[in-house]
Amino acid sequence: MDQIILQILNGLDKGSAYALIALGLTLIFGTLGVVNFAHGALFMLGAFCTVTLSRMLSLSHEVVDETRTDFLGNPLKVDVPYLYDIFGETTGAAIIDWAVPLSILFSIPIMILIGIAMERGLIKHFYKRPHADQILVTFGLAIVLQEIIKYYFGANQIPTPAPEAFVGSFDFGAAIGFDPNAIIYPYWRIVYFFFAMTLIAGVFAFLQFTTFGMVVRAGMADRETVQLLGINIDRRFTIMFGIAAAVAGLAGVMYTPIVSPNYHMGMDFLVISFVVVVVGGMGSLPGAVLAGFVLGILESFASMREIIELLPGINQVVIYLAAILILLTRPRGLLGRKGVMED
Amino acid sequence: MLGLDKKDFTLLLIVSALVLLAPLLLNPFPEGSAMAQFNAGYPDLMQRFVIFGIFAIGFNILFGLTGYLSFGHAAFLGAGSYAGMWMLKLLSMNVIPAIIFSTLIAGAISFLIGWISLRRSGIYFSILTLAFAQMAFVLAASVLTPITGGETGLQPALSDPRILPEFLGGGSVTADGNIPKPSLFGIEMTASSEVAVGNWLWTLNWGYYLSGFMMLVAFYIAIRIFRSPFGLMLKAVKSNQQRMSYTGLNTRPYMLACFVISGMYAGLAGGLMAAMDPQVGAERMQWTASGEVVLMTILGGVGTLIGPVLGAGLIKYFENIFSKINKATLEVWFGVFPDWMTDLMVTIVYPFIGKGWHLTLGLMFMAVVIFLPGGLVEGGQKIAKLFSRKKEPETPGGEAKPAE
C-alpha cells in the first residue's frame, strides 16, 4: 500500500511537468493549428531564465576583509553581492536564496515576449503550409535556440538549488498513519505539484471565465465565424501563443531544482510531451493534462522493482508503449475532439 | 541505357564520376598549406559522405515521394549496424554477409514498425515512428544488452567464432594473434594506396570505394523507383491520399513497400558503417540521428534525386571540417584588417563556426525550409535559370552561394 502511494506521488511531479508542457503545446495546436517542435526549447529557455536571474542576483564585487587573512597572511578578499549593499546582509541573502521562485515573476514577461516574437516573426508564415513544414521549421528553430543557449551558458549542467526552506523531505507516510520513513517526498516536488495545479487551473479559468478566453474558445471552435463577427482573432491567438510559451517557460523555471538545466533538456522533454499530447488527444486541453498525469504515474509504477523484475526495461518504454496502444485503438486520444486531425 | 532515359543516365554518370574521383576532388589544397585543413579527402570522412548519402537517399524515397515524415529512421540504421556486426562476429570478417544481413534485418524491422505506424498519417505517423525509435534506442541501451552490448556497444573480439573458412574471411584470430579486420575476400577495408603528385597527397581507400559502389547501386535503384509506376503511385499518395482511396485503390501495400525499402536503405547504410568501422553503440539509434537525416534530406532538396546526397555531404563536411576552425585560424584570416576590425570580425563570426557549427546548421536549415522548400537543388536550379535567361555579363556572380 505504501509503495503504491509512493509511486503515485512520484508520478505526480513528473506528470505535472508533462502536463504543463503538453498544455502549452495543445494551446498552440488548438488555436493556431501549428505543431510546435520548438516547445521543448521554450521549456529550456524558462529554465535558463532562472539561471540568468540567479546569476544577476549574485553579481558581486570584491571587498577586502581586514579581520580575516588568507593562507599567505594577506587580508582576505571576499566577494560581496551588490544586493547585500542595497538590502543589508540578511535580506540580500534571502533574496538570492529565493532566486528560483522569484524568477517566476522574471520569466513571465520574457517568455510571453519570446512567444509573441516567435509567432509574429516565424510561425505566422507557416499557417498555410503543410504540417510537415511546420514541424521542420520549428525543429530548426529548436536547434538554433539550443545552440545559442549552449554558446552563452556552456554545455554543462548548471545546478540551481531550491530555497533553503524547501530543501529536505517530508515524511508523508508518518502524516497519514504509516510507518515513519515509508513514504518520503521532497518538499520541492510538493511545491512543484501545487504550482502546476495552480497554473493549470489558472489557464483553464482564464479561458473559461474571461471574455478574452471566451473569444479564444470560440475561435478554436470556428475561426471563420468569429472573424466574420468582426473580431481580430489573429491578435488574440498571438497572445495565446505568448501564454503557451509562458506556461512552458514556468514549467521550466520551477523544474530547475529537480533537474539542473542544460541546453538539451528541452529536446529530452519534447519527445515525451508530444507523446502526451497525442495520448490526450490533439487539441484537447483537459486531455493533455489528464494524459500528462496518467503517463507520469504509469512511468513511476513501471519503475517499481517488482515490475522491472517481471518485465525488464519496461520503465523506460512504458510511455511509448502506451502511446502506440492508444494511437492504434483510439486514434482520437483519450479526450480528443471529433474531427480534429483525424486523417 | 540501363533502363534510364538520357537525362537520368547523365546524372548517374556524373555521380559515378564524382564518387570515383572524390579522393582527388576533395583534396584540392596541397599538403602543408594553410588551406590543407579544408581537405576532406581522407578515407574516414569520404566513407561517411557516401554512407550517409545512402541513408539520406533511402529517407528521401519515403519522405520525398509520399510526404510521410518519419522521425524514427535511426532505428533501422542502428538495427542494420548491430546485424552487420553480428555477422562479422559469427560468420566471417568478410563484409558481404554483413551488408546483406543488415539490409534484411532492417527490412524486417521496418516491416513490423511500418505495418503499425502506417495505420496513421501526418503528425501521428511522425510521432509513432519517433516512439518506436526511442523504444528501440532505450531497449538497445538497457535490456537488450546481451545482443547490443548496451552502453559499451558491440565490437569484434578474439573469442568470436567466425565459422566460415579462412579464404572467406573466417577465423577468430589472424596469424599474428590479432583480431582480423573487416575485409572483402582478403582485401582489408582499411587498406589504401597513397598517390603523391607534387605536394598533393591522394588516398585511395578500398573501404571508400566499396561504400561508394554501394551508394551508386542505391542511387541507381532510387532513380528506377522514382521513374517507375510504383513511384508515380507514391507521388499520387502524397498529392491526395483520399482521392486515391476513392478510386478504389488500397494505398497501404504501396506505402508499406515504400517504408520497407526506405528502411532497407537505412539498414544498408548501418551495415556499411559497421563494416568500415567495426564498433556499434546504441547512440546510433537515438532520435537526434533520425533528426540528422531529416536535416540532410531537406537541406539538399527533398524529392529530388541528387539532393539528399548533397545534403549528407554538406552536413558531414560541416561536422568534420568546419567544426575544426578555431579562434586562432580566424585571427589569421582576418589578420589583413586593422586590429580592432580583426577583433570585431572574430567576435562576430566565432559563434557560428568551430564548436558552434550546429548554430549555422540550424540557421541554414531554417532558411532552406522558409525560402527554398526544394533545398539546395532548387536553389541551384533557380540560379541556373537566372543565368540562362539573362545573357548579360553583369549578372552578379557572387550570388551563386546559396543560403547563408
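Residue numbering restarts at 1 for every chain, and letters A, B, ... go by the order of the sequence lines.
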S.K.: Name all residues meeting the side chain to side chain contact (heavy atoms under 4.5 Å, CB included) criterion together with E283(B); count only those two or more places apart in sequence or in a different chain, and write none if there are none.
M.R.: Q286(B)
S.K.: Can you tell which part of Y68(B) gets under 4.5 Å to a heavy atom of chain A, answering side chain, backbone, both or neither?
M.R.: neither
S.K.: Any residues in residues 243-256 of chain B near chain A, with a heavy-atom distance under 4.5 Å, and which are they?
M.R.: none
S.K.: I need the contact set between residues 292-304 of chain B and chain A: heavy-atom distance under 4.5 Å, sorted by residue number.
M.R.: V294(B), L295(B), I298(B)
S.K.: Below 4.0 angstrom, N of the basic side chain to O of the carboxylate: do K128(A) and D133(A) qualify?
M.R.: no
S.K.: Go through the atoms of L130(B) and report whether side chain, backbone, both or neither lie under 4.5 Å from a heavy atom of chain A.
M.R.: side chain
S.K.: Anything under 3.5 Å between a donor and an acceptor, one on a side chain of residues 131-139 of chain B, the other on a protein residue two or more places apart or in another chain? List them.
M.R.:
from: Q134(B); atom 1: OE1; to: W287(B); atom 2: N; distance (Å): 3.4

S.K.: So what's closer than 4.5 Å to chain A heavy atoms on F71(B): side chain, backbone, both or neither?
M.R.: side chain
S.K.: Could you check whether S262(B) and H73(B), counting side-chain N and O atoms only, form a donor-acceptor pair closer than 3.5 Å?
M.R.: yes
S.K.: Assert yes or no for the condition that the ring centre distance of F37(A) to F274(A) is strictly below 6.0 Å.
M.R.: yes
S.K.: Identify the two heavy atoms, one from P286(A) and one from L335(A), that lie closest to each other, and give their separation to 0.1 Å.
M.R.: C-CD1, 3.8 Å
S.K.: Under 4.5 Å from any heavy atom of chain A, what part of V143(B) do you find: side chain, backbone, both or neither?
M.R.: side chain
S.K.: Can you tell which of G67(B), G291(B), S117(B) has the highest number of heavy-atom pairs within less than 4.5 Å of chain A?
M.R.: G291(B)
S.K.: Is it the case that Y263(A) and E147(A) place a side-chain donor and acceptor less than 3.5 Å from each other?
M.R.: no
S.K.: For I370(B), which atoms come within 4.5 Å of any heavy atom of chain A: side chain, backbone, both, or neither?
M.R.: both
S.K.: Roughly how far apart are H264(A) NE2 and T288(B) OG1, rounded to 0.5 Å?
M.R.: 10.0 Å
